[in-house]
Amino acid sequence: MDYLDVNRANWNARVPIHVASDFYDVEGFKAGRSAIRSFERDEVGDVSGRSLVHLQCHFGLDTLSWARLGAEVTGLDFSEAAIEQARAIAAECGIPAEFVTADVYDAVEALGGATYDIVYTGIGALVWLPDLTRWAETVAALLKPGGFLYIAELHPFADILDVETGATVTHDYFAKGPHVWEYPHTYTGSEVLEYQTSVQFQHGLGEVVSAVTAAGLRVEFLHEHDHTFFQRFATLVASEGSHRFPEGAPRVPLVYSLRASAQSGPRMT
């Protein structure tokens, strides 16, 4: 099974469902809502006038939200359907942005060798990649000296817990995969997908950090967060756009964020 072809068909099928969903609230975005979480804005800092490339950008709401904050943005995704929607939303909203269709591993060539101040990867991206070493090398090649990678991602520990309570280990943390799943629905609702097969890969936190540092980037911080942005477990309580464990309940990390910087001078060989 070619994971890339399977996943591309799956994500192409998701695009019209996601664009129409309340989960993404495209109309709200067009009216001015930002898709960037407050902790991301705080951790990334001022992006005014800085170049930012968003890898695995889906149909671009996060990308365009960074543009509204002043960044010069480029979004890249392997789904042609997603990129078409991203371009259409950018045009309708009058937001300057470039969008490119390519697999993330081909990003350096697809972007013409351009380099950026910030490489951004958002929630739910890394699980679709089989090789984090190659991904991190791609990130490093896309960064200007002194630039940085910023990741906001679902915590891999939460993926091994039962979906009802989030209190029982039901999956193997070290089972990297590939894991082949058959789901009739996406995470935004009950609409049935035309292509229901996906291939995913589990990456532990140590693997992420090791890949980033091996690529020559210096980790500035790794933060773990006790909230997420959907009903990850049935026991979570919704509050102000986030979902958390109930007051007084033991907590586990649900999201993490990482920032890692490129060398400010010439790279050593």
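What you see below is based on every heavy atom in this structure, not just the backbone, and it leaves out hydrogens, waters and symmetry mates.
Put simply, the side chain of Asp2 does not reach to within 4.5 Å of the side chain of Val6, judged on heavy atoms. Residues Val15 and Glu84 have side chains not in contact (no heavy-atom distance under 4.5 Å, counting atoms from C-beta outward). Thr213 is listed as a side-chain neighbour of Val219, based on a closest heavy-atom distance under 4.5 Å. Ile151 has its side chain within reach of Val208: a pair of non-hydrogen atoms, C-beta onward, lies under 4.5 Å apart. Looking at heavy atoms from C-beta onward, Ser34 lies out of side-chain contact with Phe29 at the 4.5 angstrom threshold. For the pair Cys93 and Arg68, the minimum side-chain heavy-atom distance is below 4.5 Å. Counting heavy atoms from C-beta outward, Phe233 and Glu164 have side chains that stay 4.5 Å or more apart. Counting heavy atoms from C-beta on, the side chains of Ile160 and Phe174 never come closer than 4.5 Å.
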Worksheet entry | Test side chain to side chain contact (heavy atoms under 4.5 Å, CB included) applied to Leu254 and Asp226, step by step | CA-CA 5 Å; Leu254 299 174; Asp226 66 354; 5.8 Å; no
Practice prompt. Take Lys144 and Ser51, measure what side chain to side chain contact (heavy atoms under 4.5 Å, CB included) needs, and give me the verdict at the end.
Written response: CA-CA 10 Å; Lys144 294 180 179 179; Ser51 57; 3.8 Å; yes
Worksheet entry | From CA spacing to verdict: side chain to side chain contact (heavy atoms under 4.5 Å, CB included), Trp135, Leu126 | CA-CA 9 Å; Trp135 163 81; Leu126 296 187; 3.8 Å; yes
Worksheet entry | Candidate pair Leu161 and Thr170, rule side chain to side chain contact (heavy atoms under 4.5 Å, CB included), full reasoning | CA-CA 5 Å; Leu161 303 176; Thr170 57; 5.6 Å; no
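Inspection of the Ser79 and Asn12 side chains reveals an N or O donor paired with an N or O acceptor under 3.5 Å. Side-chain atoms of Asn10 and Arg14 include a donor-acceptor pair closer than 3.5 Å. With no hydrogens or angles considered, a side-chain donor-acceptor pair links Ser261 and Glu220 at under 3.5 Å. Residues Ser257 and Glu43 have side chains that bring a donor and an acceptor to within less than 3.5 angstrom of each other. Using modelled atom types, one finds a donor on one side chain and an acceptor on the other under 3.5 Å when comparing Tyr120 with Glu40.
Atom CG of Asp77 and atom NE2 of His54 lie 8.0 Å apart (nearest 0.5 Å). The CZ atom of Arg37 sits 9.0 Å away from atom OG of Ser65, with the distance rounded to the nearest 0.5 Å. Rounding to the nearest 0.5 Å places OG1 of Thr101 at 8.0 Å from CG of Leu76. For the atom pair Ile89 CD1 and Ile95 CD1, the distance stands at 9.0 Å (nearest 0.5 Å). Rounding to the nearest 0.5 Å places CZ of Arg244 at 10.5 Å from CG of Leu236. Distance CH2/Trp66 to CZ/Arg41: 8.0 Å, rounded to 0.5 Å.
Here the shortest heavy-atom pairing between Ser48 and Leu69 reads OG-O, 3.7 Å. The minimum heavy-atom distance linking Phe245 with Thr165 is given by the pair CE2-O, 4.0 Å. Nearest heavy atoms, Ala110 versus Ala102: CB-CB, 3.5 Å. The two residues Leu142 and Ala107 come nearest to each other via the heavy atoms CD1-CB, 4.1 Å. Across all their heavy atoms, Ala260 and Leu217 have their closest contact at CB-CB, 3.9 Å. The two residues Pro96 and Gly94 make their nearest non-hydrogen contact at CD-O, 3.7 Å.
Atom CD of Glu109 sits in a sparse spot, with 12 or fewer heavy atoms from other residues, nucleotides or ligands closer than 6.0 Å. No more than 12 heavy atoms of other residues, nucleotides or ligands lie within 6.0 Å of CG in Asp22, so this atom counts as exposed by the packing criterion. Taking a 6.0 Å sphere around CD of Glu80, one finds it holds 12 or fewer heavy atoms contributed by other residues, nucleotides or ligands. For CZ of Arg33, the number of neighbouring non-hydrogen atoms (other residues, nucleotides, ligands) closer than 6.0 Å is greater than 12.
Put simply, Trp181 and Met1 are part of two different groups of oily side chains (I, L, V, M, F, W, Y) that touch within less than 4.5 Å, one to the next. A continuous path of ILVMFWY side-chain contacts below 4.5 Å connects Leu132 to Leu4, so both sit in one hydrophobic cluster. If you chain together hydrophobic residues whose side chains sit under 4.5 Å apart, Leu64 and Phe23 fall into the same group. Val255 and Tyr173 fall within a single hydrophobic cluster, where Ile, Leu, Val, Met, Phe, Trp and Tyr side chains are chained together by heavy-atom contacts under 4.5 Å. Residues Val139 and Trp128 are members of one and the same hydrophobic cluster, defined by side-chain heavy-atom contacts under 4.5 angstrom among Ile, Leu, Val, Met, Phe, Trp and Tyr.
A cation-pi contact, defined as under 6.0 Å to the ring centre and within 45° of the axis, is absent between Arg259 and Tyr150. A cation-pi arrangement is present between Arg134 and Tyr105 under the rule of less than 6.0 angstrom and at most 45 degrees off the ring axis.
Under the 6.0 Å cut-off for aromatic ring centres, Phe201 and Tyr3 qualify, their centroids lying closer than that. Aromatic pair Phe39/His225: centroids less than 6.0 angstrom apart. Side-chain rings of Phe221 and His223 approach one another, their centers coming within less than 6.0 Å.
A side chain to side chain contact (heavy atoms under 4.5 Å, CB included) with Cys57 holds for exactly one of Thr121, Asp62, Ile83; it is Ile83. Of the options Trp11, Phe99, Phe78, a ring pair (Phe, Tyr, Trp, His ring centres under 6.0 Å) to His58 is made by Trp11 and by none of the others. The one candidate from Glu207, His203, Gln202 that meets the side-chain hydrogen bond (donor to acceptor under 3.5 Å, both in side chains) condition with Lys176 is Glu207.
Taking the six-membered ring for Trp and thresholds of 30 and 60 degrees, Phe229 and His227 have ring planes more than 60 degrees apart, a perpendicular arrangement. Ring planes of Tyr24 and Tyr187: tilted class, angle from 30 to 60°. Between His155 and Phe157, the ring-plane angle classifies as perpendicular under the 30° and 60° cut-offs.
For His185 (side chain) and Ser190 (main-chain N/O), a donor-acceptor pair under 3.5 Å exists by modelled atom type. For the pair Asn7 (side chain) and Val199 (backbone), a donor-acceptor distance under 3.5 Å is present. Counting only distance, with no hydrogens or angles, the side chain of Asp117 and the backbone of Arg50 share no donor-acceptor pair below 3.5 Å. Not one N or O on the side chain of Gln200 forms a donor-acceptor pair closer than 3.5 Å with the backbone of Val127.
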